[in-house]
> 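Mind looking over this structure? Questions follow.
Every chain is numbered from 1, with letters handed out A, B, ... down the list of sequences.
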4 protein chains.
Amino acid sequence: MATRPASSAAADKRRLILDAAIRVFAARGFNNCRVSDIADEAGVAYGLVYHYFKSKDRLLDEAFLERWGLMLEVIEGARTDEALTAREKLTKVATFIVESYGREPEVMQVVIVEVTRQANTFGRRHWATIQDAHHQIARIVSDAQARGELRSELPAEVAGMVFYGAIEQVLTAWIFGLVPSGPDDRAAAVRDLVETIFGGLDAR
Amino acid sequence: MATRPASSAAADKRRLILDAAIRVFAARGFNNCRVSDIADEAGVAYGLVYHYFKSKDRLLDEAFLERWGLMLEVIEGARTDEALTAREKLTKVATFIVESYGREPEVMQVVIVEVTRQANTFGRRHWATIQDAHHQIARIVSDAQARGELRSELPAEVAGMVFYGAIEQVLTAWIFGLVPSGPDDRAAAVRDLVETIFGGLDAR
Amino acid sequence: MATRPASSAAADKRRLILDAAIRVFAARGFNNCRVSDIADEAGVAYGLVYHYFKSKDRLLDEAFLERWGLMLEVIEGARTDEALTAREKLTKVATFIVESYGREPEVMQVVIVEVTRQANTFGRRHWATIQDAHHQIARIVSDAQARGELRSELPAEVAGMVFYGAIEQVLTAWIFGLVPSGPDDRAAAVRDLVETIFGGLDAR
Amino acid sequence: MATRPASSAAADKRRLILDAAIRVFAARGFNNCRVSDIADEAGVAYGLVYHYFKSKDRLLDEAFLERWGLMLEVIEGARTDEALTAREKLTKVATFIVESYGREPEVMQVVIVEVTRQANTFGRRHWATIQDAHHQIARIVSDAQARGELRSELPAEVAGMVFYGAIEQVLTAWIFGLVPSGPDDRAAAVRDLVETIFGGLDAR
DNA sequence: AATGAATGAGAATTCATTCAT
DNA sequence: TATGAATGAATTCTCATTCAT
């Protein structure tokens, strides 16, 4: 079995199906696609999807958890990195999200559109996990406020919402295809967004 | 009211059904409810829903358009009111949205969760209308930049996204029931959100 | 109440609806039209159709019986007219049917397409009435055979079927719009059809 | 048959469903039966009907095309067989149709009652195919007229209509169950019908 | 592991008919 | 007589999931 045991081939098949599911969910939406669309996209037989995944829901759950987990690690890493200012930390977070979209737009689209915003289904099911990210972001702000680095009169939770909501809004514009999302556009978006939130709109 | 014409009774029934649909969509989600749930909620026979509305989709379309239309009027009104500063204009917009939620949380939930964020279905169908609001908000910023009232180095579109995305994020937290949304909470949310965006996070 | 009592106005309304139903049945088919189509075509309110007719079925029943009754009278009249030869009798019958189509194609279309050929619904319900016509036609033949006017070795029932089936086939071609059905075409059709059946195809 | 490939099992199921559909259409009429009746008659699950056929319409389309295709082959074969007289050719056609009914009355009933006579639905959809048969029959006549075998003063199209209309009328009587349709009855029907049309009704 | 046939519970929509006014 | 709102049973088609091979 050399260096690639049988289970690895299986793992590859599983991956193939999950990736196909993400593309299909992004293209048609979770509620508007059929499991057979996913099998077709993956080039496997209908039943094989059910061999690897218990249900259609599970495909979306896994796609979400995988990516959101990475994001949580990045946010936590940024938050606990004492060498960084709050602005640098949030820039790091924004950059990760935006570059994730740059590399694999379908994944981020699915995560945001099909999961985090679904108040009645997946969003609620994964709410604790989603909240985790929001809390960490708020904590980046509140820690900086405690150090006197950021204004203390603003509630950290609201600041976090402004920051995260702004990123989602930018991604939404990209997802809907209304605004270019090339490498330069992405870098500019991070820069402008951070500068807006940290510097404020008011002229000095 | 004694003189209400006969057509009003019909209009009332129609209204009754549309309102019931909004409540059901908010409670279960558009994709997880049945037309019979709406009929039951309205207390009318199944077929009457189809007497007044061509399809289930149309119910959501109408709910969205009605409310978004009001919002557009308010945004346009704020934008063109020369007596107001940009901060006052955006405060007005934020207040309208937030108070709409306060009065009729289901409508705003449906508008945001079931329509504006659905990249593959309703969101795309109504995209022009949705964009209209975003453009007007950006214009409030760019007009103020032209007058030297706001910093010119920030792109107005990004500023608009930060503003609108922040409001949606706040509403999302309320919709998911994670944060109290009483009258005081709403007023505070508007104040904090506006102050954050205009003043910026940075300590002076 | 002069010469037109109130009941006459009512009778007119009834007629109006029945005629509209015939047009709609012809244009869309009994199974593919709605009662509301009939009301619209007649220019009356939905419910009025039910004031004058017990059901949608009844409309078709009446349309059929009215016309088929006329046809039966003509066939019986021809059959019992001792001054006529069998060829003249059947020419009379064919002419009546064909000219009925000429004057009111919708009625004949409805009678044939929607009633007499519906083996599972109306055709079966009215079978006795339909058969009546077929029997009379066969009798025209058998009487002539008894008189030595027509060949006796052919069963009269088959001869009748050839005659009536031929007429229906001609009407079918007209109904489907494949063949012109102007006055001259109709006269020619009767002549050719009768000559074919009486004279036979064989060269002498 | 032991070597039948796996695909045959599927083809058999498909056949099973199509045959069941034909029986149900014949017994209740296309418009008066439900897809579940077909599934029940075939002894399969509801959904399997849709696994093999796109819609209820398609079942009827296929039943019609399959049988009408056979008939077209027979008619064409008869028409181009130079060893036969026109009378022999049309006898062949009539025999095929009548014996088709003898073997599988439901199929012929469905073909005629549910398709070729439906001016507003299936009849119109398949009109070109239906016409094909009529044209070939007319051509059998006109070819014979050109050879001096049949009277030339009669239009071949009318002769064709008389012939085909007569056959349909005979089948109709059988379908409605008004006339016995045993083997002898069928043979007699063909003989009488052909003799009537070729020899004519007139006594010599 | 892999296939795709088989299952059957939905769910939207239609529309004949009834009924209150 | 006239209106059209109200009713709800009926029916097609969909599609997630299971299962035999």
> Does F:dA5 have OP1 or OP2 sitting under 4.0 Å from an N or O in the side chain of B:K13?
no
> Does some side-chain heavy atom of A:I130 sit less than 4.5 Å from a side-chain heavy atom of A:F64?
yes
> Indicate yes or no: at least one non-hydrogen side-chain atom of B:H126 is less than 4.5 angstrom from one of B:D61.
yes
> Could you give the CZ-to-C1' distance, from C:R28 to E:dC15, as a whole number of Å?
14 Å
> Which nucleotides of nucleotides 14-21 of chain F have their base under 4.0 Å from a protein heavy atom (B), which only their sugar-phosphate (S), and which neither (-), written as one string 5' to 3'?
BSBBB---
> Just so I know, are the side chains of C:I38 and C:E41 near enough to count as touching, which here means a heavy-atom distance under 4.5 Å?
no
> Check this for me: C:R125, atom CZ, are more than 12 non-hydrogen atoms of other residues, nucleotides or ligands nearer than 6.0 Å?
yes
> Report the nucleotide, chosen from E:dA5, F:dT7, E:dA2, that has the shortest atom-to-atom distance to any side-chain atom of B:V44.
F:dT7
> For a 4.5 angstrom cut-off between non-hydrogen side-chain atoms, does B:F30 reach B:V113?
no
> Can you tell me how far P of F:dG4 sits from CG of C:D40, to the nearest Å?
10 Å
> Regarding A:R15 and A:D12, does a basic nitrogen lie under 4.0 Å from an acidic carboxylate oxygen?
no
> Would you kindly give the CZ-to-C1' distance between B:R58 and E:dA12, to the nearest whole Å?
16 Å
> In the structure I gave you, are the side-chain heavy atoms of C:E114 and D:N120 within less than 4.5 Å of one another anywhere?
yes
> Relative to the 5' end of DNA chain F, which residue comes earlier, B:L48 or C:A45, by the nucleotide with the nearest heavy atom?
C:A45
> What is the distance from CZ of B:F25 to P of E:dA12, rounded to the nearest Å?
9 Å
> Name all stems that contain residues of DNA chain F, defined as runs of 3 or more consecutive Watson-Crick or G-U wobble pairs, both distances under 3.5 Å.
E:2-21 with F:2-21
> Check whether any side-chain heavy atom of A:E104 lies under 4.5 Å from a side-chain heavy atom of A:R67, and answer yes or no.
yes
> Using a heavy-atom cut-off of under 4.0 Å over every strand shown, decide if C:F53 touches base, sugar-phosphate, or nothing.
nothing
> In this structure, how many angstroms lie between the C1' atom of E:dT3 and the NE2 atom of D:H51, rounded?
11 Å
> Let me know the distance between CG of C:L60 and C1' of E:dA16, rounded to the nearest Å.
15 Å
> Which residues pass the side-chain contact (heavy atoms from CB on, under 4.5 Å) test with B:F53, sequence neighbours left out?
B:R14, B:I17, B:L18, B:L59, B:E62
